[in-house]
Colleague: 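Encoded as structure tokens, here's the structure I'll be asking about.
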There are 2 protein chains.
Amino acid sequence: MKEVTIYDIAKKLNISASSVSRAISNNTNISAATRKKILQAADEMGYRVNNFARNLRKDNNNKLIGVIFHKLNSQFSINALYSIEKVVRNAGYDIIICHSSESHEQEIINAGNLFQRRVDGLIVGLSSDVGNINHFDKYIENDIPVFLFDRVKTDFPGVKVVLDNFKAAYMATTHLIERGCKRIVHIAGKQTSAVYIDRLKGYKHALAEHGIKYSPALVLHRGVDAAAAPLLAQDILEMSPGPDGVFAVNDLCAVMCMKALQKAGVKIPEDIAFVGFNNDVMSTVIEPNLTTVNYSGEEIGEIVAKMIIDEIRTKNETKSNYTITLQPELIIRESSNRK
Amino acid sequence: MKEVTIYDIAKKLNISASSVSRAISNNTNISAATRKKILQAADEMGYRVNNFARNLRKDNNNKLIGVIFHKLNSQFSINALYSIEKVVRNAGYDIIICHSSESHEQEIINAGNLFQRRVDGLIVGLSSDVGNINHFDKYIENDIPVFLFDRVKTDFPGVKVVLDNFKAAYMATTHLIERGCKRIVHIAGKQTSAVYIDRLKGYKHALAEHGIKYSPALVLHRGVDAAAAPLLAQDILEMSPGPDGVFAVNDLCAVMCMKALQKAGVKIPEDIAFVGFNNDVMSTVIEPNLTTVNYSGEEIGEIVAKMIIDEIRTKNETKSNYTITLQPELIIRESSNRK
DNA sequence: CTGAAAGCGCTAACAA
DNA sequence: TTGTTAGCGCTTTCAG
């Protein structure tokens with residue numbers, strides 16, 4: 001089917017294409033009468049603006065935000081995406097999303113791809129926050145803002161939005177200590193990610209501050225997904241003396257691990273108290289309900305989206321370079337209710 | 001910063017722009033030597049193709065799939081989106097997603113927006129499957145495939161991918177009957193959606209086929225989210241005689257309702273057996289584990305994405321118009337283990 | 001308030 | 001194999 005152009009409309013109405021253009025793009029230099037006539041004809045003829053032509057003429061008007069995230073199938077990511085979509089759409093932008101599957105290679109491909117697409121801005125949750133990130137250099141050279149969130153690289157020269165993971169882990173561990181725990185297991189994440197590194201640091205710091213000696217044997221590196229849970233539970237059961245508290249880096253593995261331990265006869269929180277991370281829905285499904293750090297994705301998604309829209313709109317000469325640090329909040333539930 | 005164009009490269013290398021174009025777009029009519037020279041210069045000069053110009057010249061090459069979905073923050077939608085993204089990206093397309101928030105108005109706006117974006121295809125989970133859907137007419141007129149999934153309108157002239165909801169509900173209800181349930185509550189969804197209408201029908205059909213009289217009082221219309229759970233539990237507790245089975249249209253409300261009932265002293269499955277829908281992760285977190293219909297989103301997302309990519313690639317003259325119906329599968333767990 | 005004309009960056013027919 | 005040329009649909013000066 002042949003597309004209708006402004007020339008078709010112009011010809012039909014016996015006016016110039018420029019007038020049609022003015023009417024279509026809400027330009028002021030046109031009388032209300034002709035505008036109305038044009039708009040009506042455009043509608044009747046099934047006209048749609050050709051954004052390719054429009055963008056070819058005047059650039060930087062793509063109204064498109066790219067999102068690259070390391071994970072797509074988790075409660076956290078969907079909440080973040082949900083917020084980002086909402087904010088960005090309200091501002092009149094669309095989002096185009098890419099999944100990097102925790103792969104640095106894929107992230108580089110995605111970054112190149114979205115650059116070709118000429119996104120006006122890029123929101124990224126890094127696949128890994130060690131390793132170089134010069135695949136964003138071309139964005140910076142072209143004054144396209146790149147904002148990192150959740151997983152960031154601290155030396156990245158741009159805006160970063162993060163949770164204070166150190167403090168969150170510190171609070172979680174301190175909470176367990178205050179509830180009388182002395183031998184606290186930490187279910188750790190991959191130490192290639194600052195997020196997990198900071199959580200381990202916060203855990204250690206809380207121990208040190210309360211005069212508890214740090215023991216590497218209590219830090220478990222089996223992974224943090226559902227599949228790792230039975231192994232983690234096994235590790236915990238085999239410890240002697242057994243631990244009296246567990247701080248896990250996410251709710252999913254905390255919950256699955258709790259279930260495995262309960263099946264083996266462990267009482268929670270009496271024998272072992274648990275604290276998770278994220279405030280996933282399932283933390284309120286498990287019995288006892290899981291004490292956790294509130295970090296569900298919605299807030300951070302909303303903030304990073306708002307900030308980047310603001311950056312795009314104000315187009316200031318000087319590149320923004322700052323970090324927004326969200327304060328963690330511990331949600332205390334039954335799983336740590338002892339003493 | 002000024003963009004580098006093929007003319008800049010041509011000038012620098014003292015060749016014509018068409019040669020540069022040929023090299024960039026992998027055209028065969030060019031010698032290996034010049035191609036190499038051009039590609040190298042392009043790289044050095046920081047050239048990136050201008051897709052606006054390219055698409056203006058030769059249309060239908062946007063390599064973009066639009067996705068409109070009524071809900072974004074649920075396990076099902078994450079999984080569907082995850083699969084769609086994976087398939088579509090493998091095929092070399094990007095996806096641009098829009099959330100219609102269960103609003104028909106928003107869906108119309110999104111459809112118009114993505115049409116402007118000139119997506120090559122549109123995947124839609126309808127906000128509501130009653131009401132008209134002529135906001136897709138312009139796609140059809142322009143030969144842009146629109147594929148519906150999950151929530152579809154049966155008279156839509158195009159490809160539809162659905163679960164056999166009638167059969168799924170029939171299986172779930174029959175299972176409860178076979179486990180000895182006689183007074184089975186159905187937690188129903190909004191009857192503006194064929195998905196929920198069919199599930200209610202399947203429920204009724206199973207009752208009828210097993211000689212159980214249908215009672216409208218056993219069908220609850222309080223909503224199907226976590227907030228509705230306490231009300232649903234209250235309704236169930238106030239029934240006299242009380243029910244011995246519950247079939248809910250999703251796992252979330254089933255699980256939350258189970259918890260409310262357990263808190264009130266109801267034993268599951270001894271007093272009341274439960275069957276949910278979706279096979280959400282939380283169905284394996286709740287105790288007892290929830291029997292449910294496996295409909296997690298991954299499979300349906302993968303199918304609809306594969307089909308639309310295939311349709312786009314083959315560009316057949318005749319518009320495809322068929323329905324793919326997924327066979328439901330009941331996952332039997334402890335929550336219905338009685339008799 | 002309206003029209004004429006140039007040009008955004010690219011591709012593809014045609015010519016050499 | 002390479003170059004010349006026209007034009008995709010639009011916006012935007014500049015004239016009137």
Side-chain angles (χ1 to χ4, degrees), chain A residues 1-43 45-64 115-118 120 138 142, chain B residues 1-43 45-64 115-118 120 138 142:
Chain A
M1 186 186 147
K2 190 71 190 65
E3 291 276 350
V4 178
T5 73
I6 58 172
Y7 289 101
D8 298 328
I9 301 174
K11 193 178 291 174
K12 182 167 184 185
L13 263 37
N14 253 316
I15 53 174
S16 75
S18 1
S19 289
V20 178
S21 170
R22 280 188 271 259
I24 300 291
S25 47
N26 290 318
N27 191 304
T28 45
N29 295 119
I30 190 165
S31 73
T34 38
R35 154 165 295 141
K36 194 179 163 193
K37 197 170 60 180
I38 291 166
L39 258 31
Q40 192 180 333
D43 193 44
M45 298 168 74
Y47 169 81
R48 58 172 172 172
V49 306
N50 187 324
N51 278 309
F52 300 135
R54 180 177 275 181
N55 282 311
L56 180 57
R57 242 335 272 259
K58 48 175 216 171
D59 37 27
N60 299 324
N61 196 36
N62 202 5
K63 292 280 190 181
L64 190 60
F115 184 71
Q116 291 288 353
R117 283 265 177 217
R118 309 210 170 208
D120 301 308
K138 45 191 169 189
N142 284 275
Chain B
M1 186 186 147
K2 191 68 194 64
E3 290 276 350
V4 178
T5 73
I6 57 171
Y7 288 102
D8 298 327
I9 300 174
K11 193 178 290 173
K12 181 165 184 187
L13 262 38
N14 254 317
I15 52 175
S16 76
S18 13
S19 289
V20 178
S21 170
R22 281 188 270 258
I24 300 293
S25 47
N26 289 318
N27 191 304
T28 44
N29 295 118
I30 189 165
S31 73
T34 38
R35 153 164 297 139
K36 194 178 163 194
K37 196 171 58 180
I38 290 165
L39 259 28
Q40 190 180 335
D43 193 45
M45 298 168 77
Y47 169 81
R48 58 172 172 172
V49 306
N50 187 325
N51 279 308
F52 300 135
R54 180 177 277 182
N55 282 310
L56 179 57
R57 242 339 271 261
K58 48 174 217 171
D59 36 27
N60 298 325
N61 196 34
N62 202 4
K63 292 281 190 180
L64 191 60
F115 185 71
Q116 291 288 354
R117 284 267 176 212
R118 310 212 168 206
D120 301 307
K138 46 192 168 189
N142 284 275

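Values reported hereafter were calculated over all heavy atoms of this structure, with side chains retained and with hydrogens, waters and symmetry mates removed. Proteins get letters first, then strands, A, B, ... in listed order; numbering begins at 1 in each.
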Colleague: Mind checking Asn29(B) for me? I need base, sugar-phosphate or nothing, with any heavy atom below 4.0 Å counting as a touch.
Modeller: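 Touches a base.
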Colleague: Quick check on the helix from dC1(C)-dG16(D) to dA16(C)-dT1(D): what's the angle between its two end axes, five base pairs per end, to the nearest 10°?
Modeller: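 Its terminal axes enclose an angle near 30°.
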Colleague: DNA chain C: Ile15(A) or Arg118(A), which has the more 5' nearest nucleotide?
Modeller: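 Checking each residue's closest nucleotide, the 5'-ward one belongs to Ile15(A).
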Colleague: What residues form a side-chain contact (heavy atoms from CB on, under 4.5 Å) with Gln40(A), not counting sequence neighbours?
Modeller: Glu44(A)
Colleague: Write down the distance between CZ (Phe52(B)) and C1' (dG9(D)), rounded to a whole number of angstrom.
Modeller: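 For the pair Phe52(B) CZ and dG9(D) C1', the rounded distance is 14 Å.
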Colleague: Find the distance Asn50(B):CG to dG7(C):C1' and express it as a whole number of Å.
Modeller: 13 Å
Colleague: Using side-chain contact (heavy atoms from CB on, under 4.5 Å) as the criterion, list what pairs up with Asn51(A), not counting sequence neighbours.
Modeller: Val49(A), Arg54(A), Asn55(A), Gln116(B)
Colleague: Find the distance Gln116(B):CD to dG9(D):P and express it as a whole number of Å.
Modeller: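 For the pair Gln116(B) CD and dG9(D) P, the rounded distance is 15 Å.
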Colleague: Think Thr5(B) has a side-chain N or O under 4.0 angstrom from the OP1 or OP2 of dC8(C)?
Modeller: no
Colleague: Using whole Å, report how far CG of Leu56(B) lies from P of dC8(C).
Modeller: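 Result: 13 Å.
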Colleague: List the residues meeting salt bridge (charged side-chain N to carboxylate O under 4.0 Å, His left out) with Arg117(A), not counting sequence neighbours, and say none if there are none.
Modeller: Asp94(B)
Colleague: I'd like to compare against my own output: the B/S/- annotation of nucleotides 11-16 of chain D with a strict under-4.0 Å heavy-atom distance to protein.
Modeller: BB----
Colleague: Suppose we screen for salt bridge (charged side-chain N to carboxylate O under 4.0 Å, His left out). Which residues come up paired with Arg22(B), at least two apart in sequence or across chains?
Modeller: none
Colleague: Begin with the C-alpha distance, continue with both residues' side-chain angles, and end with the deciding distance and a verdict on side-chain contact (heavy atoms from CB on, under 4.5 Å) for Arg118(A) and Asn50(B).
Modeller: CA-CA 9 Å; Arg118(A) 309 210 170 208; Asn50(B) 187 325; 3.9 Å; yes
Colleague: Applying ring-ring contact (aromatic ring centres under 6.0 Å, His included), name anything that partners Phe115(A), two or more places apart in sequence or on another chain.
Modeller: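 Phe115(A) satisfies ring-ring contact (aromatic ring centres under 6.0 Å, His included) with Tyr139(A) once adjacent residues are dropped.
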Colleague: Respond yes when some side-chain nitrogen or oxygen of Ser16(A) is under 4.0 Å from OP1 or OP2 of dA4(C), and no when none is.
Modeller: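 No, outside the criterion.
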Colleague: Nearest nucleotide by nearest heavy atom, which residue falls closer to the 5' end of DNA chain C, Val49(B) or Asn14(A)?
Modeller: Asn14(A)
Colleague: Given atom CZ of Arg48(B) and atom P of dG9(C), what is their separation to the nearest angstrom?
Modeller: 12 Å
Colleague: Determine whether a donor-acceptor pair (N or O, by modelled atom type, separation under 3.5 Å) exists between the side chain of Ser25(A) and the backbone of Ser21(A).
Modeller: yes
Colleague: List the residues meeting side-chain contact (heavy atoms from CB on, under 4.5 Å) with Lys11(A), not counting sequence neighbours, and say none if there are none.
Modeller: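 By the side-chain contact (heavy atoms from CB on, under 4.5 Å) rule, Lys11(A) matches no residue at all.
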Colleague: Mind checking what makes side-chain contact (heavy atoms from CB on, under 4.5 Å) contact with Lys36(B), not counting sequence neighbours?
Modeller: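 If we apply the side-chain contact (heavy atoms from CB on, under 4.5 Å) test to Lys36(B), skipping adjacent residues, there are no hits.
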Colleague: Quick one: Arg35(B) CZ to dT2(D) P, roughly how many Å, whole number?
Modeller: 10 Å
